[in-house]
Asker: 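Dropping a structure here in structure tokens format, bear with me for questions.
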Amino acid sequence: TAEDFVAWGWRLPFLVSALLVILGLWVRLRLVETPAFAAALKAEAPPRIPLAAVFRHHLRATFAGTFAVVACFALFYLTTAFALGYGTTTRGIPRETFLSLQLGAILFMAVGIVLAGWWADHSSPRRVLVVGCIGTLLSGLTLAPLLGGGLPAVFLFLAFGLFVMGFVYGPLGAFLPGLYPPLVRYTGASVAFNVGGILGGSLAPFLATTLADHGGLGLVGAYLAGAGLLSLAGLAAIGPGQAEERPAALI
């Protein structure tokens, strides 16, 4: 019966996901080390504590990479979690309607990721990230008038913000590893990405809601623009060419 399906049907996706676990394990067991890492191992032994080596010898790159990630997570959580909460409570837009807007807008993020990846391969990941950070600034400047407007304006803000999200997210997989030599590449990139995610995304919906309650959407837009500026500062600290000395193909 329908009642029985509701009671146990939700378990089916979790059972099917077991196939993905098996597939992931098979892929992982077939992976080999990259040529760059294999060559580095022949030249010298890896550090005993890679995290200590990252902070001792690559602190500037780690800080710069961490700040470069902030805009990505701030933009994502403000266009998803915060926008949904604000739109359905303060604006009174029906949840189904707002979720439909977000489902349509998320397609623009997919397009943005593809375009950003293609452009990064033909120019440089850093250059694409800079453009994405400038787009984040524009998203912040337009947040108040668009998110506070009618449904077409709300959709425009969501679509543009998530499209820009593709440009501050897509190139990170090539950009962050390029900041580090092979023997600490995985550790350094992981630290920068995860700490940047914590700074940019963990408190973003809460802070944005607080700002909206006490000062309106203008402050939320300034917060998003500030995240874009912080990431631009991180990219500026690295400088053009420094992250491209180690090509993405060798990662």
Side-chain angles (χ1 to χ4, degrees), residues 63-84 86-87 101-102 105-120 123-149 153-176 192-209 211-212 215-240 243:
F63 273 107
T66 297
F67 292 148
V69 172
V70 168
C72 169
F73 284 90
L75 186 57
F76 178 75
Y77 281 105
L78 292 185
T79 53
T80 55
F82 165 75
L84 177 62
Y86 183 86
L101 294 176
Q102 289 186 319
I106 201 71
L107 298 176
F108 287 82
M109 186 178 79
V111 174
I113 290 175
V114 173
L115 290 178
W118 175 85
W119 189 15
S123 56
S124 72
R126 181 184 180 277
R127 182 175 301 167
V128 180
L129 287 170
V130 168
V131 172
C133 290
I134 295 173
T136 303
L137 287 172
L138 295 177
S139 296
L141 295 176
T142 59
L143 185 149
L146 293 180
L147 191 56
V154 172
F155 179 77
L156 180 60
F157 167 73
L158 296 175
F160 178 72
L162 289 171
F163 178 74
V164 171
M165 164 75 185
F167 283 75
V168 290
Y169 175 71
L172 287 178
F175 173 75
L176 292 177
F193 184 80
N194 286 285
V195 176
I198 293 172
L199 294 176
S202 62
L203 295 177
F206 169 76
L207 292 176
T209 301
L211 291 173
L217 287 177
L219 290 181
V220 181
Y223 173 76
L224 180 56
L229 286 174
L230 184 60
S231 288
L232 276 177
L235 294 170
I238 296 168

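Hydrogens, waters and symmetry mates are skipped; everything else that's a heavy atom, side chains included, is used. All values reported here derive from a predicted model rather than from experimental measurement.
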Asker: Any heavy-atom pair between the side chains of Met165 and Thr79 that's under 4.5 Å?
Answerer: no
Asker: Only counting residues at least two apart or in another chain, list the ones meeting side-chain contact (heavy atoms from CB on, under 4.5 Å) with Leu211.
Answerer: Leu219, Val220, Tyr223
Asker: Residues in ring-ring contact (aromatic ring centres under 6.0 Å, His included) with Tyr86, at least two apart?
Answerer: Phe82
Asker: Taking the side chain as every heavy atom from C-beta outward, state whether Ser123 and Val128 have any pair of such atoms under 4.5 Å apart.
Answerer: yes
Asker: Backbone N or O of Leu235 within a donor-acceptor pair of the Arg126 side chain at under 3.5 Å?
Answerer: yes
Asker: Please find the pair of heavy atoms, one from Gly161 and one from Leu75, that lie closest to each other, and give the distance.
Answerer: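 So the minimum-distance heavy-atom pair works out to O-CD2, 3.3 Å.
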Asker: In Å, rounded to the nearest 0.5 Å, how long is the span from CG of Leu143 to CZ of Phe157?
Answerer: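 Here the interatomic distance stands at 3.5 Å.
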Asker: Going from OG1 on Thr136 to CG on Leu141, what distance comes out if it is rounded to the nearest 0.5 angstrom?
Answerer: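 Between atom OG1 of Thr136 and atom CG of Leu141 there are 11.0 Å.
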Asker: Tell me whether Gln102 contacts the main-chain N or O of Thr80 through its side chain, where contact means a donor paired with an acceptor under 3.5 Å.
Answerer: yes
Asker: Who are the side-chain contact (heavy atoms from CB on, under 4.5 Å) partners of Phe108, not counting sequence neighbours?
Answerer: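 Result, side-chain contact (heavy atoms from CB on, under 4.5 Å) vs Phe108: Phe155, Ala159, Phe163.
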Asker: Would you mind writing out the side-chain donor-acceptor pairs for residues 195-202 within the sub-3.5 Å range, not counting sequence neighbours?
Answerer:
unit_1	atom_1	unit_2	atom_2	d
Ser202	OG	Ile198	O	2.4

Asker: First locate atom OG1 of Thr66, then atom CG of Leu176, and finally report the distance between them rounded to the nearest 0.5 Å.
Answerer: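 That separation rounds to 8.0 Å.
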Asker: Output, in order, the C-alpha distance, side-chain angles, deciding distance and verdict of side chain to side chain contact (heavy atoms under 4.5 Å, CB included) for Cys72 and Leu172.
Answerer: CA-CA 9 Å; Cys72 169; Leu172 287 178; 4.3 Å; yes
Asker: Looking at Leu137 and Ala225, what are the two nearest heavy atoms and their distance?
Answerer: CD2-O, 3.0 Å
Asker: To the nearest 0.5 Å, how far apart are CG in Leu84 and CG in Leu78?
Answerer: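 These two atoms lie 13.0 Å from each other.
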Asker: What distance do Phe73 atom CZ and Phe193 atom CZ have between them, rounded to the nearest 0.5 Å?
Answerer: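 Taking CZ in Phe73 and CZ in Phe193, the distance rounds to 3.5 Å.
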Asker: Can you list everything that forms a side-chain contact (heavy atoms from CB on, under 4.5 Å) with Ala64? Sequence neighbours excluded, please.
Answerer: Ala237, Ile238
Asker: Report, as yes or no, whether the 6.0 Å neighbourhood of atom OH on Tyr169 holds more than 12 heavy atoms from other residues, nucleotides or ligands.
Answerer: no
Asker: Working note: Phe206 + Tyr77, criterion side chain to side chain contact (heavy atoms under 4.5 Å, CB included); need CA distance, chi angles, decisive distance, verdict.
Answerer: CA-CA 10 Å; Phe206 169 76; Tyr77 281 105; over 6 Å; no
Asker: Taking only residues two or more places apart in sequence or in another chain, which ones pass side-chain contact (heavy atoms from CB on, under 4.5 Å) with Phe160?
Answerer: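 For Phe160, the residues satisfying side-chain contact (heavy atoms from CB on, under 4.5 Å) (neighbours in sequence not counted) are Leu138, Ser139, Val164.
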Asker: As an exercise, state the distance from CG of Leu158 to CG of Leu147, rounded to the nearest 0.5 Å.
Answerer: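 One finds 7.0 Å between CG of Leu158 and CG of Leu147.
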